[in-house]
Number of protein chains: 2
Amino acid sequence: MNIEEMIKNKNLRLTVARTELLEMLLKQSKPICYEDIKEYMTMDKATFYRNISRFEEEEIVHSFEANDKKRYFEIKIDKHPHFMCNYCHKIECITDPHTPLLEGYIVESVMFKGRCSACQ
Amino acid sequence: MNIEEMIKNKNLRLTVARTELLEMLLKQSKPICYEDIKEYMTMDKATFYRNISRFEEEEIVHSFEANDKKRYFEIKIDKHPHFMCNYCHKIECITDPHTPLLEGYIVESVMFKGRCSACQ
DNA sequence: TTAACTAATGCGACTAAGTCGCATTTAAGT
DNA sequence: ACTTAAATGCGACTTAGTCGCATTAGTTAA
């Protein structure tokens, strides 16, 4: 599925900003925040956040708050847990398919925090 | 170990604010943010955050950022995973002892997000 | 094509959690 | 009690993210 379809399938208007934003998100290998990519985008900050919120509603994007008080985003395909290092603050994707289950809950995402391999 | 010992053992000065803060934290059954308890405390906001940071350095307190952009705190005894509901935004402690391991990482905390039992 | 309608955008102002600087107070050793 | 350094309260500040509003641009139908 291409970017145009991703947008149209959700009955969203196809705009330059939305196309640019999805291209950007698809390019990443890990979650990013606004600061990380603002210099590579032409859209305004408000437009960025409004579109991110829209994409979240439509379940195209997943986000979470990191301990640096910034919101991080990634495309919601290939769902996987994340690891956030408490020492170097790097965020990594966990590819280990062994995602834990919790009785009584529907787990939609998992975040591990601790010391990453580089910080040991 | 009582509160006075907890503070003295870390070579911290025993102050009214610190005692009050630890009493407050020990009373909770789940993580709390400043807003949750400010009305029950006499100390200033700056003092609260400074002492929380100090307690974190001394590993008395654990904190994390929730999706409401607020920082949540709890006493760092009896470490356990947490569950944050994406729908009612409630934070719960997971008592299930089955905490997952990750090869190559030292996991210090785990946060699950999704739909809690009340929201199904 | 064009017209008309509505949603999306950019901009500047605003919000609020958390931090900082500094003058004052207080804990703790002598 | 006296001294000294650390802790506190207060107000000002920072900054990620949001809001209001005037303008622009997709989309649908004629």
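These numbers were taken from a predicted model, which means no experiment stands behind them. Below, chain A is the first sequence line, B the second, and so on; all start at residue 1.
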Per Asn51(B) side chain, nearest of listed nucleotides dT8(D), dT18(D), dC11(C):
dT8(D)
Quick one: CD1 on Ile75(B) to CG on Leu22(B), what's the gap to the nearest 0.5 Å?
5.0 Å
Do Tyr72(A) and His82(A) have ring centres separated by under 6.0 Å?
no
Nearest-neighbour nucleotide for the Arg18(A) side chain, dG9(D), dT9(C), dA27(C) considered
dT9(C)
Residue pair Ile52(B) / Leu25(B), side-chain heavy-atom distance below 4.5 Å:
yes
Under 3.5 Å, which donor-acceptor pairs do the side chains of residues 102-113 of chain B form with other protein atoms, sequence neighbours left out?
unit_1    : atom_1 : unit_2   : atom_2 : d
Tyr105(B) : OH     : Glu92(A) : OE1    : 2.5
Glu108(B) : OE1    : Asn86(A) : ND2    : 2.8
Glu108(B) : OE1    : Tyr87(A) : OH     : 3.4
Glu108(B) : OE2    : Tyr87(A) : OH     : 2.6

Candidates dG26(D), dG10(C), dA17(C) - which lies nearest the side chain of Glu35(B):
dA17(C)
Nucleotide nearest Arg50(B) when distance is taken to its side chain, options dC22(C), dG18(C), dG17(D)
dC22(C)
To 10°, what angle do the rotation axes through the five end pairs on each side of the helix from dT1(C)-dA30(D) to dT30(C)-dA1(D) form?
40°
Holding to side chain to side chain contact (heavy atoms under 4.5 Å, CB included), I want the full list of residues that pass it with Arg13(B), two or more places apart in sequence or in another chain.
Thr15(B), Arg18(B)
Nearest to the Lys70(A) side chain among dG17(D), dT8(D), dT19(C), which nucleotide is it?
dG17(D)
Atom pairs, N/O to N/O, protein against nucleotides 27-30 of chain D, distance under 3.5 Å?
unit_1  : atom_1 : unit_2   : atom_2 : d
dT27(D) : OP1    : Lys8(A)  : NZ     : 2.8
dT27(D) : OP1    : Leu14(A) : N      : 2.9

Pairs touching residues 38-52 of chain B that satisfy salt bridge (Lys or Arg N to Asp or Glu O under 4.0 Å), sequence neighbours left out
Glu35(B)-Lys38(B)
Name all residues meeting the side chain to side chain contact (heavy atoms under 4.5 Å, CB included) criterion together with Glu5(B); count only those two or more places apart in sequence or in a different chain, and write none if there are none.
Met1(B), Asn2(B), Asn9(B)
Between dA16(D), dG18(C), dC11(C), which nucleotide has the shortest distance from any of its atoms to the side chain of Asp44(A)?
dC11(C)
Between Tyr72(B) and Thr42(A), which residue's closest nucleotide on DNA chain C lies nearer the 5′ terminus?
Thr42(A)
Phosphate-side-chain proximity, Tyr49(B) and dG18(C), N/O vs OP1/OP2 below 4.0 Å:
yes
Measure from the side chain of Thr47(B), starting at C-beta and using heavy atoms only, and say which of dT8(D), dC19(D), dG26(D) lies closest.
dT8(D)
Show your reasoning for whether side chain to side chain contact (heavy atoms under 4.5 Å, CB included) applies to Arg71(A) and Cys33(A).
CA-CA 6 Å; Arg71(A) 203 168 195 86; Cys33(A) 67; over 6 Å; no
Could you tell me how far apart Glu20(A) (CD) and dA8(C) (P) are, to the nearest whole angstrom?
17 Å
